[in-house]
Amino acid sequence: MNATESTAHTPLTAWHRGAGASISLFAGYEMPVHYGSIIAEHHACRRAAAIFDVSHMGRIRFDGDRAANLLDHLLTRRVTDLPPGGVRYSLICDAEGGILDDVLVYHIEKPSGGRFFLLVVNAANRVKILKWLEPHLADYPDVICTDRTELTAMIAVQGPDALRISSRLLKTDPNRLAYYQCCVTEQFNKPVIVSRTGYTGEDGLELITRAEEATRIWENLLLAGRENEITAAGLGARDTLRLEAAMPLYGHELDGSIDPISAGLGFACNLQNRQFIGSDAISEIKQQGPTRVRVGVCVSGVRPARQGCAVLSSDGEPIGTITSGTVSPTLGHPIAMGYVKPQFSEIGGSLMIDIRGNQVPANVVPLPFFTARRPR
């Protein structure tokens, strides 16, 4: 797509263009798809390290004594017991249990001792979530909500060497962070929020910094990782990596018509002894059982099944739909995720995928497709 006057840019857009990235519009932002080869960038992340600009993701801050209570009412995951320095994956649902977004919620403690919560939302859903928040904020007038997206940047450093590289720059050793923990530290005397999180299935960090510091930190990371062969990577590799790790993507595996139980995200719903928006509906679906479930599929041949391909039973009955598919760079064959009727979700079960009018054999396989080795 061609950029327009309304196109948004991240603080790193000029760097991407200067590096010769292939640029496309994503959620209204100019974003790098790749810098030459999606496959090479994918392998760099799996074997060493890759750096991703994820500044298009929304960052919404909540201040106030009752911020935890507000978020506990809005999110499927309990927030009131989230300790400072904790990060949790959660969902925002409507009253019927439909998923409005999947998010990360951070409980951040500043060096001064002050605390606030940060909600990282999907880029395409930021405006929707901000509007959805408005009536709920009216019930909590003492909570201050600010959109920090344009004032900050977000950089992901992912791969087996990600922490080793980042530790050369950060004041705090990131190896001291457990998975899904965060802290405020410094990079050459400039503040940065660091979390041990990511969207690739690899170990790594996500850094949130002031917008004006983004290019300097990005370039410092590339310099610090030069001997480790760190690579700048775009959205193309980020998508193939997350699909191998079976991480759902909003607009593919998740949307307002899909509930957390069907999506296999029941772990992200704390239903005991609390009420949140959608909790009654989700509890009912859990009790009765979903009408469709998310599965992993290994497709025969060399052609990948793409979003929208029909899933058929072995006798040709329509039983579901593919939501994401690619040829896995790591595994070397086509993989896909999709939704099928529960009775067809057994691991090892035979399916057929309609790929452009051709019925291609496939099998249900365990998720994730690939699990990276993580240090203990």
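All heavy atoms count here, side chains included; hydrogens, waters and symmetry mates do not.
No side-chain N or O of Gln307 forms a donor-acceptor pair with one of Thr323 less than 3.5 Å apart. Of the N and O atoms on the side chains of Thr10 and Asp53, at least one donor lies less than 3.5 Å from an acceptor on the other residue. Side-chain atoms of Thr197 and Ser195 form a donor-acceptor pair, as typed in the model, at a separation below 3.5 Å. Side chain to side chain, Asn228 and Arg168 meet the donor-acceptor criterion of an N or O pair below 3.5 Å. At a cut-off of 3.5 Å, with distance as the only test, no side-chain donor of Asn69 or Tyr140 sits close to an acceptor on the other residue. A donor-acceptor contact under 3.5 angstrom links the side chains of Thr172 and Thr185, judged on distance only. No hydrogens or angles considered: nothing links the side chains of Asp280 and Ser283 as a donor-acceptor pair under 3.5 Å. Of the N and O atoms on the side chains of Arg242 and Ser324, at least one donor lies less than 3.5 Å from an acceptor on the other residue. In summary, the side chains of Thr330 and His42 do present a donor paired with an acceptor at a separation below 3.5 Å, with no hydrogens or angles considered. Residues Tyr35 and His16 have side chains that bring a donor and an acceptor to within less than 3.5 angstrom of each other. In summary, the side chains of Thr326 and Thr240 do not present any donor paired with an acceptor at a separation below 3.5 Å, with no hydrogens or angles considered. When only modelled atom types and interatomic distance are considered, Arg216 and Gln187 share a side-chain donor-acceptor pair under 3.5 Å. A side-chain donor-acceptor contact under 3.5 Å links Thr152 and Arg59. Glu41 and Thr231 share no donor-acceptor pair across their side chains, judged by distance under 3.5 Å alone.
Minimum heavy-atom separation, Pro111 to Val184: CD-CG1, 3.9 Å. For the residue pair Ser345 and Pro342, the shortest heavy atom distance occurs at OG-O, 2.6 Å. For the pair Val157 and Ala162, the tightest heavy-atom approach, listed with the atom from each and the gap, is O-CB, 3.4 Å. The two residues Ala263 and Arg294 make their nearest non-hydrogen contact at O-NE, 2.8 Å. Here the shortest heavy-atom pairing between Glu30 and Arg17 reads OE1-NH2, 2.8 Å. The heavy-atom pair separating Ser55 from Thr149 by the smallest distance is O-CG2, 4.0 Å.
At distances below 3.5 Å, not a single donor-acceptor pair connects side-chain atoms of Asn125 with backbone N or O atoms of Lys128. Using modelled atom types, no side-chain atom of Ser262 and backbone atom of Val293 make a donor-acceptor pair closer than 3.5 Å. Proximity of a side-chain donor or acceptor of Asn270 to a complementary backbone N or O of Arg78 within less than 3.5 Å is detected. Of the possible donor and acceptor atoms, one in the side chain of Tyr250 sits under 3.5 Å from a partner among the backbone N and O of Ile99. Judged by distance alone, the side chain of Arg148 and the main-chain N or O of Gly58 form no donor-acceptor pair under 3.5 Å. For Asp72 (side chain) and Val79 (main-chain N/O), a donor-acceptor pair under 3.5 Å exists by modelled atom type. Side-chain N or O atoms of Ser313 include one that pairs as donor or acceptor with a backbone N or O of Glu317 at under 3.5 Å.
For Phe117, the ring-ring contact (aromatic ring centres under 6.0 Å, His included) test picks out His107, with sequence neighbours left out.
Going from atom CG of Leu265 over to atom CD1 of Ile282 covers 10.0 Å, rounded to the nearest 0.5 Å. Between Arg164 atom CZ and Ile230 atom CD1 the span is 12.0 Å, to the nearest 0.5 Å. To the nearest 0.5 Å, atoms CD1 (Ile193) and CG (Leu118) are separated by 6.0 Å.
Annotation for Arg210: atom CZ does not count as buried by contact number, only 12 or fewer foreign heavy atoms lying within 6.0 Å.
For the pair Arg61 and Phe116, the cation-pi test (distance below 6.0 Å, angle within 45°) is passed.
Using a 4.5 Å heavy-atom cutoff, the side chains of Arg46 and Glu244 are in contact.
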